[in-house]
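Below is one structure; the comments refer to it alone.
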2 protein chains.
Amino acid sequence: MVATLKDVAARAGVSVKTVSNVVNGYSFVTEDNRRRVQEAIDLLGYVPNIGARNLRKGRTGFLTLAVPELANPYFAELCGLVMNAAAEHDWTVLIEQTGGVRERELTVINAAHRSLVDAIILSPIGLQPTDLAEAAPGTPLVLLGERALSAPVHHVAIDNVAAASAATRHLLDLGHRRIAALGDQPGPHGTAALRLRGYQSALQAAGLSVDPALIVPAAAYSRAEGTAAMRRLLSLADPPDAVFCFNDMLAVGALSAARDRGLRVPEDVAVVGFDGVDEGNYSAPRLTTIAPDKAAIAEAAVGLVRAALQDGAGQPQDVVTPFTLITRESTRSFAH
Amino acid sequence: MVATLKDVAARAGVSVKTVSNVVNGYSFVTEDNRRRVQEAIDLLGYVPNIGARNLRKGRTGFLTLAVPELANPYFAELCGLVMNAAAEHDWTVLIEQTGGVRERELTVINAAHRSLVDAIILSPIGLQPTDLAEAAPGTPLVLLGERALSAPVHHVAIDNVAAASAATRHLLDLGHRRIAALGDQPGPHGTAALRLRGYQSALQAAGLSVDPALIVPAAAYSRAEGTAAMRRLLSLADPPDAVFCFNDMLAVGALSAARDRGLRVPEDVAVVGFDGVDEGNYSAPRLTTIAPDKAAIAEAAVGLVRAALQDGAGQPQDVVTPFTLITRESTRSFAH
DNA sequence: GAGAATCGTTACAACGTTGTACCTTGAACT
DNA sequence: AGTTCAAGGTACAACGTTGTAACGATTCTC
């Protein structure tokens, strides 16, 4: 059905290898042959069989990019950027959704499509440090946004502690004293733990104590969870005057909950998010947020993959990418 | 480096084919051999080479899903659902971004990774009806959300005209008379044309004339374009009292523009969106929208692929999936 | 003008897998 | 005892591609 090199060769009256040489731009082919082969290719609509090529060459031209969920715009945006960065080096990206479930993350790093991809980029959530021993040897692995694992693996991330601290300090600078942290999650190794640490250190640096009642968990980093968690905060006897949300989805949900209670943001309660998604620039009020340089993360991840494939297994790199605090209406107009 | 069937066979003391039989659960293998092979597999960490298997079997287990942009949550949500639906039938989805550019859509349908995928699901934007002649023969093609092409290709979509008409009628029922359409795009075959037709027919059915000044274009279906277009509308000498946006991103942008002008939604101007993305449930005010049943679209698309691969090239199917009008605050509290 | 160097092309093997055909073994029938 | 039969296993070829080695043809060198 589909044309192969053999078909093209037969039509052009040359050997299979000569066609292959034309396709790959190799070595020396007479102008005459090159033209005849090209005509045959166009005529038959020949397209190389990538699987066969991979089989022969060893390199596949594919990368796995595993994220918790595409429905989260942070990851959707990130996927798009990684795809672009990868395309610059002729890689195609195979996106997987893990749902943040440890078991599926394990599948990604130790087996799934191993023979089909040159490397794996994973944004882990449920993964435990010891799990990395299961990683497929020989396939470079780059972890995104997760530093606490601190295992000998390539990492790309912002400084989560510093970023969370900056967000909290921003609220402190505006005069807020009863600042909540929304989005805590179990486990000492997750992103939540790092952001919580940054939050706590900023409070302590300001001479404030940390009130456990103001640290609320979120089962998932979704808008719905943000709303639910914010409702709990607003129902406290002594509710917060500001909330640092561990991601923008939670923050959007929190804004919605505040609005439902008839509270003004930022006058009654200020809100800071984390992720810098486009959506936050259109919420009401517009969302102050920590914006990681997503393009830099994508570039760095692909760069690490390239380096790992060239040099073999060198020292695991730890790339720290920049972030900025974008102040918008959800905190800005507060006057103390 | 990576273990192959041969390595496993050597270790287990059986032939390569017997190992293959164990891996695939085929035919008759003694319990003893099966156990020994399994042990060798576990020990060596054997994983089948998918490329080689594809080469041998013809079927690849991959689908291409090409969407304009992952950053648009409608497509991000849709991708997630298609991936889930595909996973039920052991397919892995290869996501491509076309940017809505005709040339890249053409690449998708006629060449890219053709040999690597069993079928192609495309959400077209720039594609012209005649372009479908370029589609790779032998690889089933399913188009999403696009009916006007009306070529002999599988289609899955809601009834865009009816949906747009329902949205407009909703505004009419609420008493609005000066209703704008936001998001027009050139070309007689695009989604925009269908939604515009539905808008017009609803107006005419109500005995109203269509004011061309109230039909504003949008270069892209993004929040930023929605804001820009809404500004133009609000600057008219005789501005609209309601706006039907051709997608939710435009609507979110429009809400932002209205807010910047100090207008109340829906009291001063009502807004309806299209896509039913989660974000619209958290905007201020919450967005009334046409919500296509995205899960149904995903299921239908994968179902069509399955049918096409089983029956060969049968009659192209035209699947119409349901939608609902979700009324929320951006229109609801209007009293006329 | 004989040998060497270069260009252009080709046959062959191999990548890892599975379908086909065949072989072996033992048991169940006449 | 001879025949049939099925289960269990194997060897081989093939999928489409490219690297290697080798070959024929031309040109260059002294």
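Each chain gets a letter, A, B and so on, in the order its sequence line appears, and its residues count up from 1. Only heavy atoms go into these numbers, but all of them, side chains included; no hydrogens, no water, no symmetry mates.
Separating the CG atom of B:L55 from the P atom of C:dT18 is a distance of 11 Å, rounded to the nearest angstrom. What separates CG of B:N21 from C1' of D:dA11 is a distance of 13 Å, to the nearest Å. What separates CZ of B:R56 from P of C:dA14 is a distance of 18 Å, to the nearest Å. Remark: C1' of D:dT17 and CG of A:D7 are 13 Å apart, rounded to the nearest angstrom. Atom CG of A:L44 and atom P of D:dG16 are 14 Å apart (whole Å). Separating the NZ atom of A:K6 from the P atom of D:dT18 is a distance of 15 Å, rounded to the nearest angstrom. The CZ-P distance, from B:F28 to D:dA7, rounds to 4 Å in whole Å. Summarising the geometry, the separation between CG on B:D32 and C1' on D:dG8 is reported as 12 Å, rounded to the nearest angstrom.
Both B:K57 and B:V14 lie close to DNA chain D; mapped to their nearest nucleotides by heavy-atom distance, the more 5′-ward contact belongs to B:V14. Nearer to the 5' terminus of DNA chain D, by closest-nucleotide assignment, is the contact made by B:T18 (compared with the other of B:T18 and B:A52).
No engagement by B:N54 is indicated, since no non-hydrogen atom pair under 4.0 Å with the nucleic acid exists. If you check every strand for non-hydrogen atoms under 4.0 Å, A:K17 touches a base. Using a 4.0 Å heavy-atom criterion, one finds that A:T4 contacts the sugar-phosphate atoms exclusively. Among the atoms of the strands shown, base atoms are found under 4.0 Å from some heavy atom of B:V16.
For B:R53 against C:dT17, a side-chain-to-base donor-acceptor contact under 3.5 Å is absent.
Not a single donor-acceptor pair under 3.5 Å links the side chain of B:N33 to the backbone N or O of B:T30. Between the side chain of B:D118 and the backbone N or O of B:L63, no donor-acceptor pair lies under 3.5 Å. Listed for the B:E105 side chain is a donor-acceptor partner under 3.5 Å among the backbone atoms of B:G126.
Between B:R11 and B:D7 there is no salt bridge, since no side-chain N of the basic residue sits under 4.0 Å from a carboxylate O of the acidic one.
If you check C:dT17, D:dC15, D:dT17 against the side chain of A:L5, the one that comes closest is D:dT17.
Atom CD of A:E103 sits in a sparse spot, with 12 or fewer heavy atoms from other residues, nucleotides or ligands closer than 6.0 Å.
Residue B:N24 places at least one side-chain N or O closer than 4.0 Å to OP1 or OP2 of C:dT18. Phosphate proximity of C:dA11 to A:S15: absent, as no side-chain N or O sits under 4.0 Å from OP1 or OP2. In this structure, A:S20 reaches the D:dT18 phosphate: one of its side-chain N or O atoms is under 4.0 Å from OP1 or OP2.
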